[in-house]
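Below: the structure, in C-alpha cells.
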Amino acid sequence: MTNATDPDKPAEGAGESLDFIRTIVTDDVKAGKNAGRVQTRFPPEPNGYLHIGHAKSICLNFGIAKQFGGKCNLRFDDTNPTKEDVEYVDSIKEDIRWLGFDWDDREFYASDYFEQLYEWAEHLIKTGKAYVDSLEADKMREYRGTLTEPGKPSPDRDRPPQESLDLFRRMRAGEFPDGALVLRAKVDLASPNFNMRDPILYRIRRAHHHRTGDKWLIYPMYDWAHGQSDAIEGITHSICTLEFENHRPLYDWFLDNIPAPCHPQQIEFARLNLTYTMMSKRKLLRLVQDGYVSSWDDPRMPTLSGLRRRGYTAAAIREFADRIGVAKRDSIVDVALLEHCVRDDLNASAPRVMAVLRPLKVVLENYPEGQVEHFELPAHPDNPEMNMRKIPFSRVLYIEHDDFMEDPPKKFFRLAPGREVRLRGGYFIKCNSVVKDPVTGEILELRCSYDPATRGGVAPDGRKVKVTIHWVSADHAIEAEVRLYDRLFSDPDPGADREGVDWTSLINPNSLEVLKGCKLEHTAAGAEPESRWQFERIGYFCADRRDSKPGALVFNRTVSLKEDNWRKG
Ligand code: ATP
Ligand code: MG
C-alpha cells in the first residue's frame, strides 16, 4: 500500500486501522482525557543502531501522533553512560529521518532531566518514600526474597529521612566510592512483583557521560528516569514493549508519589520477532565487533542502516509495519513477509536492466563482424513515462552461465547443444558447438547462430522456443561487482536460547558471495549510489551507497524476484 507517485510516502490511510492501542487512544480523545491531546515518544537508548524491531515502534509512535493530530518526541534514554555513544545518537536520528518521520525540534534526552529527577528523588526521601541503603549487592539480592518468600528489610530501611537526605547529597558530591551506597524507593517488600520490592533509583558511578560530561557521579536507573521523563514532556500515551508490563505498577507508583505535572498512561505491545533474524542489540554488537559482518550497516544486518544499504525502501518497511499490526501477544513474523513488501515496492518502481552475473561468451557465427543493431525495451513494463532502453546487439554476447547445459537433464529447457532459445527483446539463437579448454575441460564459449527472421522474438514459421534468456552485447556491456547477500542466519529462530548451542554457530556461512566482472547492460552505467534496479530474471539490486562509484559500480542483491528463487544464484 505505498504511494504510487512517491514510494517514500505512505499511502493514504496506511496504518490507520484500529488496533488495540489506537482504540484506547480514540476512546481517550473522545472522553476528553488530556484535553483531547495526543503526545507520544520514541525512546531509544543510544547504545546501538536501530533495527527493524525499532521500526515497528517508530511507525507506531509517530503514526499514532500523526493520525490523531498529536506529536511524537524523540527521546534518548541516556541513563547508562558506560554503554552509550554519540555515534549511536547520530545514526538513530539519521535512520528515523530516512524511515520518513520527523520530530521537529522535539529532540530530548533523559540526561536533560537529571536535575529534576534528582529533586524528585529528594522529594521521595523527604516524604519517607526512599532511603539510602548501604547493603552490599549480593546481600541486597538475597534480602529481596523469592517468589514464595517476601523480601526482608535492609537494616537501613528505617533510616530517618534527614539522614538519607544528607547521605544522598553526599553521594552526589562524590564523598563515597562507586557502589558504596544506593538510593532505594520504599515500596513493598512483600509484593509478588519484584519490581516493587524497594527498587534502586540511583547508584554511584564515576563514568563520563556523552552529554553531561563529568557533572554527575550518580546516575538514575532506567525505571526511575523513564516515567518521570514522560511526565516532564507531557506524554499522554507511553507505548512500550511487553517486557515492561510488570514495571507498570512501579511506573504508576512513582508518578503518584511525586508532584508530577501529569500522569501518562503506559501501554504495552508485543515486540517484533522475525524468522532468521537476530534482534538483540548486545548480539548485533558482537556480530560487528567480532567481524562476522563488516559494520553496523552491513547489508546483512537487520539494522535500518543495513536494510537501507541492502536496498530496502523506507516505504516497504512502513508497509511491513502496517501489515503486521500491533498485538498484545508475542509472536514471530515470517521474514518472507518483509521481503514480500520490499519486492512489491521495488517491482513498482525499479527500472529494468539485463545483467549477466556469471558470463558465458556466445559468438554468433552468422552475424556480420562489426555490425551493431538496437532493440527497444521498456525501462519498466507498466510505467511508460520511464522511457525505452535502446539495447545494442552484436556478434559477441554474454549470457548467464546457468542458462546453458552441455548435457541437460529432462527439466532443463534453456540453451543446450542443438537447441534454440529466444534472446530477450531480440532473436532466436541456436547452439552449434561448445569450445572448451583442452586441458581443464572448462567451457570457454558457445558457437551459435541466430535466425534473422526472428527479430522481435517471433518466428514467421510459427515454431516455438520454451525459454527466453537475458544477454548483453560484449562490446557494449559495462562491468560491475555484484554482492549476493543471503540471510545472515541459517536457523529460523537464531534468537532463541538453546542449551549447549552457541548462537554464532547458527550464522549462515554462505551469507555473502562476491561476483566480480559481471556484465551489465550499459543503461545502468550511471547508476547513482543507492539507486535500485531490477536485473531481469534475477532479482532486485541496489548500487551500494558506500562503495559504488561511476566506473566502479557495486551492486547489492536486495531480494530475489520470487520467494522460491531465494536460494538460486
Ligand atoms: P535494550 O535492551 O538496549 O533496552 P531495546 O531493544 O529495548 O534494547 P531501546 O533502545 O530501549 O532498545 O528501544 C527503544 C524502543 O524501541 C523501546 O520503546 C522498545 O520497546 C522498542 N523496541 C525495541 N525492540 C523492539 C522490537 N523488536 N519490536 C518492537 N519494538 C521494539
Ligand atoms: Mg529498552
Side-chain angles (χ1 to χ4, degrees), residues 15 19-21 40-65 72-85 87-93 95-96 99 101 103 107-111 210 221-223 225-227 229-230 233 235 237-248 251 264-286 288 296 301-305 307 317-318 320-333 335 337-338 493-497:
D19 52 62
F20 81 96
I21 300 183
T40 57
R41 84 287 170 268
F42 174 65
E45 186 180 347
N47 63 354
Y49 280 59
L50 296 181
H51 53 58
I52 182 75
H54 292 115
K56 175 177 180 180
S57 175
I58 294 168
C59 291
L60 183 61
N61 279 294
F62 281 93
I64 285 182
C72 179
N73 297 349
L74 170 59
R75 179 187 333 127
F76 291 98
D77 244 320
D78 55 348
T79 52
N80 190 356
T82 55
K83 294 222 170 100
E84 295 161 4
D85 199 284
E87 177 197 345
Y88 298 132
V89 170
D90 294 341
S91 74
I92 287 169
K93 292 200 281 185
D95 291 345
I96 299 174
L99 198 55
F101 298 102
W103 55 93
E107 176 179 330
F108 301 128
Y109 293 82
S111 57
H210 69 110
M221 300 298 285
Y222 174 87
D223 276 329
H226 193 85
S229 301
D230 283 345
E233 292 177 15
I235 300 301
H237 301 84
S238 177
I239 302 166
C240 62
T241 34
L242 276 181
E243 70 272 23
F244 292 104
E245 193 166 27
N246 58 12
H247 293 238
R248 184 167 10 107
Y251 184 102
Q265 178 184 2
Q266 178 180 303
I267 306 169
E268 309 85 18
F269 70 99
R271 63 172 48 226
L272 170 68
N273 299 300
L274 265 187
T275 57
Y276 297 96
T277 309
M278 176 72 77
M279 230 111 64
S280 144
K281 281 198 267 186
R282 187 174 52 79
K283 290 178 181 170
L284 294 179
L285 177 63
R286 215 176 124 206
V288 177
W296 279 99
M301 289 284 271
T303 52
L304 293 182
S305 53
L307 297 173
I317 294 174
R318 291 192 305 259
F320 170 72
D322 196 35
R323 285 206 199 181
I324 56 175
V326 283
K328 199 76 191 169
R329 198 170 331 130
D330 271 318
S331 66
I332 180 156
V333 175
V335 72
L337 178 63
L338 175 60
D493 192 7
D497 277 325

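Numbers here are sequence positions counted from 1. Just so you know, these numbers come straight off a predicted model, no measurement behind them. Atoms within each ligand, like the ligands themselves, are counted from 1 in listed order.
Any N or O atom pair closer than 3.5 Å counts here, and F269 shares no such pair with ligand 1. The shortest N/O to N/O separation between E45 and ligand 1 falls below 3.5 Å.
Taking all heavy atoms of H226, H54, R41 into account, the minimum distance to atom 22 (N) of ligand 1 is reached by H54. The closest heavy-atom contact to atom 3 (O) of ligand 1, among the options R282, R271, K281, comes from K281. Considering D330, L284, L272 only, the shortest heavy-atom separation from atom 28 (N) of ligand 1 involves L272.
Between L337 and F320, some side-chain heavy-atom pair lies under the 4.5 Å cut-off. Side-chain contact between F62 and R318 is absent, with no heavy-atom pair separated by less than 4.5 Å. Between I64 and I21 there is a side-chain heavy-atom pair separated by less than 4.5 Å.
Within the 4.0 Å heavy-atom criterion, the part of N47 lying near ligand 1 is the side chain and not the backbone. Residue contacts with ligand 1, taken as heavy atom pairs separated by less than 4.0 Å, involve P43 via backbone and side-chain atoms alike.
Residue contacts with ligand 1 include F42, since one or more of its heavy atoms lies under 4.0 Å from the ligand.
Taking a cutoff of 4.0 Å between a charged side-chain nitrogen and a carboxylate oxygen, R41 and E233 do not qualify as a salt bridge. One finds no salt bridge joining E45 and K83 here, because no Lys/Arg side-chain nitrogen approaches an Asp/Glu carboxylate oxygen to under 4.0 Å.
Side-chain atoms of T79 and D77 form no donor-acceptor pair, as typed in the model, at a separation below 3.5 Å.
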